[in-house]
Amino acid sequence: MRGWGDMDEIEQLLENILPPTATILKLQNNRPAILLADIDGDRLKELIVAYQFRGENYLLLLKKTIDYWYPVMEIKGKGYAITELMAVQITPNGVKSLIVGWQIGSIWSELIILQWKGYGFTNLLPNNTVYSKLFVEDMPGRYGKDGQYELAIWSHDTGDAYMVDVYRYDGKEFVLAKDVYPYYFKKVVSFYKQLVQIYNYSYYWYYLADAQLKAKELDDALISIDKALNSTFLYPSKEKMIDLKQKILKKQLSSDG
């Protein structure tokens with residue numbers, strides 16, 4: 001196996017390993033759900049494949065000895081399709097984690113983050129975490145990039161509106177990565193600015209204001225939340241909008257001080 005250019009060779013190899021009638025799952029970009037990555041820190045790439053067999057999804061990990069690939073571990077998946085399969089450094093220890101998104105609905109996937117512990121995988125997300133969109137990136141904070149990847153999780157609310165937040169693994173759990181907010185939420189601001197140019201809906205203005213607050217664009221955030229409050233039909237609730245406005249005003253006061 002010489003590399004990613006030999007996808008046909010990889011698929012042919014897997015045909016001889018996977019159960020008869022099994023089919024390799026496809027990602028959203030129609031690429032086969034196959035990954036070559038070092039996920040145990042031994043500097044040798046493992047072969048990971050997601051496949052479906054008899055209506056069930058599975059994730060298979062293989063290691064190589066000389067020219068022979070052998071299965072090491074198989075995990076039963078969820079849902080009916082796969083939306084994500086990637087390996088990036090999520091933990092501070094330098095070993096890559098395996099990120100898997102099992103599609104459980106038309107706009108919902110369940111996120112699994114697997115870390116190899118020598119005896120097998122452990123899921124860094126003990127609770128069910130569902131999302132609509134996922135963006136994974138080593139985001140620059142106050143002192144630039146640090147080699148550890150953050151997760152931007154988008155959860156659908158209504159229309160084209162999403163609740164967005166960014167998380168980082170601190171060695172024990174996932175916490176809000178507020179130091180990268182000014183970087184990432186500029187992208188979210190751009191997303192909602194396009195929407196409010198087309199639709200004058202309160203919820204787009206509300207989420208634009210929330211993104212502008214997190215991007216530290218406080219004057220613009222105040223304008224946006226006022227536009228949301230002045231809408232004929234209010235969603236989310238007026239109480240939530242007023243609460244967001246109070247947060248913006250409080251942030252403005254602390255910034256001025």
Side-chain angles (χ1 to χ4, degrees), residues 1-40 45-64 69 71-91 95-116 121 123-125 128-139 149-156 160 162 164-167 169 174 184 187-188 191:
M1 186 185 303
R2 294 179 294 278
W4 274 109
D6 303 308
M7 184 57 72
D8 291 341
E9 181 183 341
I10 297 173
E11 292 191 54
Q12 186 176 3
L13 164 75
L14 290 170
E15 283 182 9
N16 297 324
I17 296 174
L18 298 179
T21 73
T23 57
I24 297 172
L25 292 171
K26 300 275 185 155
L27 295 164
Q28 291 175 308
N29 58 8
N30 208 37
R31 180 173 64 82
I34 298 171
L35 182 65
L36 277 170
D38 174 18
I39 57 171
D40 61 6
K45 290 183 178 181
E46 285 74 47
L47 176 58
I48 303 104
V49 58
Y51 70 94
Q52 190 171 86
F53 179 59
R54 294 179 178 174
E56 300 283 355
N57 291 337
Y58 297 90
L59 193 70
L60 180 64
L61 170 70
L62 302 102
K63 289 185 73 69
K64 188 177 184 182
W69 287 92
V72 174
M73 178 167 287
E74 185 175 67
I75 298 172
K76 190 174 181 180
K78 299 186 178 184
Y80 58 89
I82 190 168
T83 50
E84 261 83 36
L85 181 62
M86 66 183 85
V88 297
Q89 184 183 329
I90 295 294
T91 67
V95 178
K96 290 182 178 179
S97 304
L98 192 61
I99 297 177
V100 186
W102 295 114
Q103 189 165 7
I104 58 174
S106 59
I107 56 170
W108 294 104
S109 295
E110 183 169 339
L111 180 62
I112 308 293
I113 301 181
L114 301 171
Q115 190 73 29
W116 185 258
F121 284 117
N123 187 6
L124 298 181
L125 286 171
N128 291 345
T129 300
V130 295
Y131 68 94
S132 303
K133 297 181 181 181
L134 177 70
F135 298 92
V136 183
E137 183 183 349
D138 179 8
M139 302 180 191
Y149 282 63
E150 285 78 27
L151 307 176
I153 295 178
W154 294 51
S155 299
H156 182 257
D160 287 322
Y162 297 83
V164 183
D165 230 320
V166 183
Y167 297 88
Y169 192 71
F174 282 90
Y184 188 75
K187 299 182 180 183
V188 185
F191 173 79

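Side chains included, hydrogens not; waters and symmetry mates left out as well; all remaining heavy atoms used.
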Results of ring-ring contact (aromatic ring centres under 6.0 Å, His included) for [X] - residues two or more places apart only:
| X | answer |
| --- | --- |
| Tyr167 | none |
| Tyr184 | none |
| Tyr162 | Trp154, His156 |
| Tyr80 | none |

Out of curiosity, [X] [atom1] to [Y] [atom2], how far, rounded to the nearest 0.5 Å?
| X | Y | atom1 | atom2 | result |
| --- | --- | --- | --- | --- |
| Glu9 | Leu14 | CD | CG | 11.0 Å |
| Glu15 | Leu13 | CD | CG | 9.5 Å |
| Leu151 | Ile90 | CG | CD1 | 4.5 Å |
| Trp69 | Ile17 | CH2 | CD1 | 9.0 Å |
| Trp102 | Leu25 | CH2 | CG | 6.0 Å |
| Ile153 | Leu134 | CD1 | CG | 6.0 Å |

At their closest point, which heavy atom of [X] faces which heavy atom of [Y], and how far apart are they?
| X | Y | result |
| --- | --- | --- |
| Phe174 | Ile113 | CZ-CD1, 3.5 Å |
| Leu62 | Pro71 | CD2-N, 3.9 Å |
| Pro20 | Phe53 | O-CE1, 3.0 Å |
| Trp116 | Ile39 | CB-O, 3.3 Å |
| Ile24 | Pro32 | CG2-CB, 4.2 Å |

* Asked: Does the side-chain contact (heavy atoms from CB on, under 4.5 Å) test come out yes or no for Leu36 and Ile10, once each step is laid out?
  -> CA-CA 10 Å; Leu36 277 170; Ile10 297 173; 4.2 Å; yes
### Task
Starting from the C-alpha separation in whole Å, work towards a yes-or-no answer on side-chain contact (heavy atoms from CB on, under 4.5 Å) for Tyr149 and Ile99.
CA-CA 11 Å; Tyr149 282 63; Ile99 297 177; over 6 Å; no
Those residues that, when tested against [X], pass side-chain contact (heavy atoms from CB on, under 4.5 Å) (two or more places apart):
| X | answer |
| --- | --- |
| Asp160 | Leu195, Tyr204 |
| Asn29 | Leu27, Arg31 |
| Asn128 | Lys78, Glu110 |

### Message
Main chain of Gly79, side chain of Asn57: is a donor-acceptor contact present, judged purely on distance under 3.5 Å?
### Response
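Checked: pair present.
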Taking only residues two or more places apart in sequence or in another chain, which ones pass side chain to side chain donor-acceptor pair (under 3.5 Å) with [X]?
| X | value |
| --- | --- |
| Glu74 | Tyr51 |
| Lys63 | Asp40, Asp42, Glu46 |
| Ser97 | Gln115 |
| Tyr131 | Thr83, Glu84 |

Quick one: salt bridge (charged side-chain N to carboxylate O under 4.0 Å, His left out) partners of Glu56, sequence neighbours excluded?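 Expected list: Lys76.
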- Query: Are Ser132 and Trp108 side-chain neighbours, meaning at least one heavy-atom pair lies under 4.5 Å?
  - Reply: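 Side-chain contact under 4.5 Å: yes.
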message = Consider side-chain contact (heavy atoms from CB on, under 4.5 Å). Of Asn123, Ile48, Leu85, Leu111, which one does Val100 pass it with?
response =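 So the option named by the test is Leu85.
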